[in-house]
> 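Okay, handing you the structure first.
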Number of protein chains: 2
Amino acid sequence: MRPSKRDELVEKALLVFYRHGFHATGMDRLVAETGISKTSMYKHFSTKEDLILAALALRDKQFRRWLFRRMEQLGSTPRGQLIAMFDSLKEWFAQEGFQGCMFIKAAAEYQKSADPIHMKSAEHKSILISCFSDIAKRAGAADPDTLACRLMLLKEGAIVAAQFGITKNPAMDAKAAAKILLADALGQ
Amino acid sequence: MRPSKRDELVEKALLVFYRHGFHATGMDRLVAETGISKTSMYKHFSTKEDLILAALALRDKQFRRWLFRRMEQLGSTPRGQLIAMFDSLKEWFAQEGFQGCMFIKAAAEYQKSADPIHMKSAEHKSILISCFSDIAKRAGAADPDTLACRLMLLKEGAIVAAQFGITKNPAMDAKAAAKILLADALGQ
DNA sequence: GGCATACTGTACTGATCTGTTAACATAAGG
DNA sequence: CCTTATGTTAACAGATCAGTACAGTATGCC
């Protein structure tokens with residue numbers, strides 16, 4: 001089967017991009033850090049942008065799978081799962097290589113809203129919002145979209161705060177705030 | 001007085017960095033877009049990093065002056081000012097060239113926490129938090145630091161959401177959430 | 001054996017990167 | 001008039017950028 005080498009490339013490239021940034025990562029560095037020849041890279045992806053898009057697609061899949069699985073493990077009810085999101089975030093922030101959100105960083109480096117990389121990043125956030133909205137609906141929210149938006153604000157804020165390291169425990173700050181917003185939206 | 005040319009350089013460089021990003025902006029582009037010779041640039045700032053740091057310092061000053069002035073104009077009480085922050089943000093997001101937060105983008109491109117650019121960006125966020133805390137204290141919050149943290153989460157989340165353009169009105173979503181959090185922290 | 005596939009290694013192109021250097025212009029102050 | 005400061009244009013150095021070209025290797029299938 002052919003997927004192995006290509007998938008290996010995308011996985012390793014994802015780590016390198018995450019650690020060093022997009023513009024700051026040259027193809028030669030990718031060759032050095034992935035151990036995959038430049039020829040192979042350009043056989044699988046004809047431009048650096050294509051490789052970045054593939055890395056973002058993988059990250060989107062990885063992150064969503066991880067987050068929603070963890071939320072289900074930590075929360076037994078829809079409401080509990082929404083709160084558990086912030087416990088999950090706390091675990092993420094505590095991971096050794098944590099350096100913020102891949103998509104925020106991608107959008108920061110590729111700013112034009114028409115840029116494919118920017119669009120891919122925005123798409124990830126949109127998907128998350130609609131997933132949150134689904135859970136909010138199951139939790140009985142009268143206006144699940146609004147609740148999802150508010151939780152998203154806390155989540156993105158917590159990620160940014162964690163990236164800067166300006167507050168001690170942004171995930172738990174966000175969790176406390178989320179509980180208040182959930183009480184307002186769902187009662188008690 | 002000698003400040004003119006140097007200040008002009010920093011002001012113009014700030015705009016170019018904001019629009020195009022840091023790594024993506026070469027010194028030649030700065031020459032072209034600022035009209036200032038490369039020789040002069042390197043007389044005032046011996047490295048690109050120094051210039052970026054000066055631009056960030058200016059942005060920090062500009063942004064804080066603008067935000068707190070606007071909050072005072074729009075809110076008559078400390079509590080009203082904290083709410084007015086989100087009306088101010090709405091105005092910012094609606095500005096023509098809005099492309100997210102300069103400091104989030106800087107931290108995204110210079111990720112290492114020991115990097116001077118990263119530190120300068122984190123410093124800006126720290127200053128804002130402590131200012132929010134001061135206002136929260138004047139508003140009568142029992143735990144002004146916690147309230148400031150929560151409002152900061154909403155603010156950063158709103159900026160990220162606005163940068164992605166994934167929700168229609170992130171500033172007003174954040175404002176609604178802030179009112180709930182303020183009611184919780186300050187009563188009614 | 002013959003052939004295709006998938007990969008590696010290396011050298012290269014032309015552009016662009018940060019930063020330097022040299023020759024020159026302008027104006028103020030002694 | 002000379003000096004000094006501040007600016008300009010322009011070419012340059014050495015590194016690195018994305019991407020290409022070409023020669024060679026390993027595997028497996030017919």
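Residue numbers begin at 1 in each chain, while the letters A, B, ... track the order of the sequences. Atom set for the values below is all heavy atoms of this structure, side chains included, hydrogens, waters and symmetry mates excluded.
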> D:dT4 P sits how many Å from B:Lys43 NZ, rounded?
14 Å
> Tell me whether the OP1 or OP2 atom of C:dC7 has a side-chain N or O from A:His44 closer than 4.0 Å.
yes
> For B:Ala176, what residues pass the side-chain contact (heavy atoms from CB on, under 4.5 Å) criterion, not counting sequence neighbours?
A:Arg150
> Can B:Asp28 and B:Lys38 be counted as an ion pair, charged N to O under 4.0 angstrom?
yes
> For residues 128-143 of chain A, dump all side-chain donor-acceptor pairs below 3.5 Å to protein atoms at least two apart in sequence or in another chain.
residue, atom, partner, partner atom, Å
A:Ser130, OG, A:Ile127, O, 3.0
A:Ser133, OG, A:Asp145, OD1, 2.5
A:Asp143, OD1, A:Thr146, N, 3.2
A:Asp143, OD1, A:Thr146, OG1, 3.3
A:Asp143, OD2, A:Thr146, OG1, 2.7

> Looking at residues 19-37 of chain B, who's got a heavy atom less than 4.0 Å off DNA chain D?
B:Gly35, B:Ile36, B:Ser37
> Give a yes/no answer on whether the side chain of B:Thr39 brings an N or O atom under 4.0 Å of OP1 or OP2 in C:dT21.
no
> Going by the rule ring-ring contact (aromatic ring centres under 6.0 Å, His included), which residues pair with B:Phe86 if we only count those two or more places apart in sequence or in a different chain?
none
> Check the phosphate of C:dC7 against A:Lys38, side-chain N and O only, distance under 4.0 Å to OP1 or OP2. Yes or no?
no
> Which class fits the ring pair B:Phe93 and B:Phe98: parallel under 30°, tilted 30 to 60°, perpendicular over 60°?
tilted
> Around atom CE of A:Met172, are there more than 12 heavy atoms of other residues, nucleotides or ligands at under 6.0 Å?
yes
> Rounded to the nearest Å, what distance is computed from the CZ atom of residue A:Arg6 to the P atom of nucleotide C:dT5?
18 Å
> Tell me what B:Thr47 touches on the nucleic acid: a base, only sugar-phosphate, or nothing, going by heavy atoms under 4.0 Å.
sugar-phosphate
> Which of residues 48-59 of chain A sit near DNA chain D, with a heavy atom under 4.0 Å from it?
A:Lys48
> With sequence neighbours left out, write down each residue that passes ring-ring contact (aromatic ring centres under 6.0 Å, His included) with B:Tyr18, or none if nothing qualifies.
none
> Within a 6.0 Å radius of atom NZ on B:Lys12, are there more than 12 heavy atoms belonging to other residues, nucleotides or ligands?
yes
> Quick one: A:Tyr42 OH to D:dT20 P, roughly how many Å, whole number?
7 Å
